[in-house]
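Shown next, in structure tokens, is the structure this report addresses.
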Amino acid sequence: MGSTAFDPLTFGYEWETFLTGKNMVPIKSDEVKRLGRKLQAEFPETRTGTDHIRGLDSKFLEIRSGILSDYQGLDGRTRETIGAIKRVCREKDLVFFPLGSHPLFGKAAGYHLHVGSVYSLKVAQDLARSLTPYVPLIAAFMANSPFWGISEPPGGFKSYRVKYFADWCSTVIVPVERGLGQFVWGNDVLVKGIEKPTVEIRVMDSPLSVSLLAEASIFIVALTLNLAERRGSGMIDRNTYMEYVVNRRRAARWGLQALFDWRGERVPASDILEELVGSVLPAARKLGLDGFELLENCLLYTSPSPRDLSTSRMPSSA
């Protein structure tokens, strides 16, 4: 791609999904483990397996893409894996349930995208900081958890998972001094140099469709490429950081219907997404995606909520 930030440009994901019986209750941990091992044997390059669900005798089926470099590989590998999962579910009378939370039990299911390879701590930190203002927008168009079990009335938030920090697995970013750092677990954007040389975006809810997964992934990779090519320090000022914190809450509440504080103005989130879709399209085309058909269709039918979206405006001293 011509950017010196990546050597080489790769990306990959982990997609947490529920497997349930026909009664919509998540199946036992051992059953999920058996299916995970079966998928690993069938698709060894993906390393699909399981992940922990706090408080339940069950596990997520965590679909892992393995290393990818373009849209065609992403879409093809994902559809092949999902086809195999659905085949097994038909055979065993199970339900494949990709949602950001379970309607009865809550529990946060996420989609984590790694962009790399990045071997410099400073470069990775710069990229993470540069992505910070866009995190609420990514959360908004990936909102897919309008339930949080019986403890919350349904429909109050479009992403209860983001509201509740994904069970402390996607928390508000805490900036550190450039060039310094240690392993930190669970921020919305993580520098993963210790485990794998990538920047990991963790704020997304588990997506409902392969098409959204593929378009959103390429959008984020293309956005990251654009930010890398600006070669800035990635430092963000107090106003920008406060906008991120406030907008994150609004994204959880209203999704793409939110109004964001954006560079000192109040702007519909959908307008920001529309502008970015155009700006990242050249990079997306280099990755093999000709256009963001699904995201653009979403924008056609999205308008800001008629309600006052937030009584908590930016602090006057910010």
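Atoms CG and CD, on Leu256 and Glu274 in that order, are 11.5 Å from each other to the nearest 0.5 Å. In this structure, the separation between OG1 on Thr224 and CG on Leu113 is 7.5 Å, given to the nearest 0.5 Å. For the atom pair CD of Glu45 and OG of Ser65, the computed distance is 10.0 Å after rounding to the nearest 0.5 Å. Summarising the geometry, atom OG1 belonging to Thr198 is positioned 12.0 Å from atom NE2 belonging to His112; distances are rounded to the nearest 0.5 Å. Remark: Met204 CE to Arg161 CZ distance equals 8.5 Å, nearest 0.5 Å. Atom CG of residue Asn247 and atom CG of residue Leu137 lie 9.5 Å apart, to the nearest 0.5 angstrom.
Asn226 places a side-chain N or O within donor-acceptor distance of the main-chain N or O of Ser279, the cut-off being under 3.5 Å. For Asn187 (side chain) and Leu190 (main-chain N/O), no donor-acceptor pair under 3.5 Å exists by modelled atom type. No donor-acceptor pair under 3.5 Å is formed between the side chain of Arg202 and the backbone N or O of Val189. Of the possible donor and acceptor atoms, one in the side chain of Arg253 sits under 3.5 Å from a partner among the backbone N and O of Gly156. With hydrogens and angles disregarded, no donor-acceptor distance shorter than 3.5 Å links the side chain of Thr78 to the backbone of Val210. When atom types are taken as modelled, the side chain of Glu243 and the backbone of Gly264 share a donor-acceptor pair closer than 3.5 angstrom. Put simply, the side chain of Asp70 never gets that close to the backbone of Gly288: no donor and acceptor are under 3.5 Å apart. Without hydrogens or angle criteria, Ser206 side chain to Glu16 main chain gives a donor-acceptor distance under 3.5 Å.
Partners of Arg249 by side chain to side chain donor-acceptor pair (under 3.5 Å), not counting sequence neighbours: none found. Scanning for side chain to side chain donor-acceptor pair (under 3.5 Å) contacts around Asp57 gives Ser29, with sequence neighbours left out. By the ring-ring contact (aromatic ring centres under 6.0 Å, His included) test, Tyr164 pairs with Trp148, sequence neighbours left out. Every residue two or more places apart in sequence or in another chain was checked for a ring-ring contact (aromatic ring centres under 6.0 Å, His included) with Tyr71, and none qualifies. Take Thr48 and apply the side chain to side chain donor-acceptor pair (under 3.5 Å) test, not counting sequence neighbours, and it matches Thr46.
Put simply, the side chain of Arg250 does not reach to within 4.5 Å of the side chain of Leu259, judged on heavy atoms. Counting heavy atoms from C-beta on, the side chains of Leu295 and Leu212 come closer than 4.5 Å. No side-chain heavy atom of Asn144 sits under 4.5 Å from any side-chain heavy atom of Pro207. The shortest distance between side-chain heavy atoms of Thr132 and Asp188 does not fall below 4.5 Å. Residues Val172 and Arg248 meet the side-chain proximity criterion, which asks for heavy atoms closer than 4.5 Å. Using a 4.5 Å heavy-atom threshold, the side chains of Leu227 and Tyr134 count as touching. Considering only heavy atoms from C-beta on, Cys169 comes within 4.5 Å of Trp185 through its side chain. Within the 4.5 Å cutoff, the side chain of Glu152 has no heavy atoms near those of the Pro146 side chain.
Cluster annotation: Phe6 is not connected to Ile67 through the hydrophobic network of ILVMFWY side chains, with a link wherever side-chain heavy atoms come within less than 4.5 Å. Side-chain heavy atoms closer than 4.5 Å link hydrophobic residues (I, L, V, M, F, W, Y) into clusters, and following such links, even through other members, never connects Leu294 to Leu99. The hydrophobic cluster containing Phe141 also contains Val115, counting ILVMFWY residues as joined when their side-chain heavy atoms lie under 4.5 angstrom apart, directly or transitively. There is a path of hydrophobic side-chain contacts, each under 4.5 Å, that joins Phe147 to Leu104. The cluster map of Ile, Leu, Val, Met, Phe, Trp and Tyr, joined by side-chain heavy atoms under 4.5 Å apart, puts Met24 and Ile150 in the same cluster.
Here the shortest heavy-atom pairing between Pro133 and Pro136 reads O-CD, 3.4 Å. Nearest heavy atoms, Asp205 versus Ser145: OD2-OG, 2.8 Å. Closest approach of Ala140 and Phe260 over heavy atoms only: CB-CZ, 4.4 Å. The two residues Ala5 and Val123 have their closest heavy-atom pair at CB-CG1, 3.9 Å. Of all heavy-atom pairs spanning Val191 and Ala128, the tightest one is CG2-CB, 4.1 Å. Nearest approach of Asp7 to Tyr119, heavy atoms of both residues: O-CE1, 3.1 Å.
The number of heavy atoms from other shown groups lying within 6.0 Å of NZ (Lys163) is above 12. More than 12 non-hydrogen atoms from other residues, nucleotides or ligands lie less than 6.0 angstrom from CD of Glu91. Applying the 6.0 Å contact sphere to CZ of Arg77 captures more than 12 heavy atoms from other residues, nucleotides or ligands.
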Leu74 and Leu289: CA distance, side-chain angles, deciding distance, side-chain contact (heavy atoms from CB on, under 4.5 Å) verdict: CA-CA 11 Å; Leu74 165 68; Leu289 180 64; over 6 Å; no
Report the C-alpha distance between Glu293 and Glu215 in whole Å, list the side-chain angles of each, state the deciding distance to 0.1 Å, and finish with yes or no for side-chain contact (heavy atoms from CB on, under 4.5 Å). CA-CA 8 Å; Glu293 181 179 359; Glu215 281 199 17; 3.9 Å; yes
Test Phe11 against Ile220 for side-chain contact (heavy atoms from CB on, under 4.5 Å), laying out the working first. CA-CA 10 Å; Phe11 58 93; Ile220 295 166; over 6 Å; no
Does Val280 form a side-chain contact (heavy atoms from CB on, under 4.5 Å) with Phe292? I'd like the steps, not just the answer. CA-CA 10 Å; Val280 305; Phe292 295 100; 3.8 Å; yes
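Shown are Leu223, Leu131, Val135; of these, the side-chain contact (heavy atoms from CB on, under 4.5 Å) with Ile201 is made only by Leu131. Tested against Ile85, the residues Ile63, Leu94, Thr17 include a single side-chain contact (heavy atoms from CB on, under 4.5 Å) partner, Ile63.
Defined by atom type and a distance below 3.5 Å, a donor-acceptor pair is missing between the side-chain atoms of Arg34 and Thr50.
Using a cut-off of 4.0 Å between Lys/Arg side-chain N and Asp/Glu carboxylate O, Glu42 and Arg87 are scored as salt-bridged. Looking at Asp51 and Lys59, no side-chain N of the basic residue comes within less than 4.0 Å of a carboxylate O on the acidic one, giving no salt bridge. Ion pairing between Asp167 and Arg54 fails under the 4.0 Å rule for side-chain N and carboxylate O.
Using cut-offs of 30° and 60° for the angle between ring planes, the Tyr241 and Tyr244 rings count as tilted. Using a 30° and 60° split on the angle between ring planes, Tyr111 and Trp15 fall in the perpendicular class, above 60°.
Applying the ring-ring contact (aromatic ring centres under 6.0 Å, His included) test to residues at least two apart or on different chains, the pairs with a partner in residues 17-42 are Phe18-Phe60, Phe18-His102.
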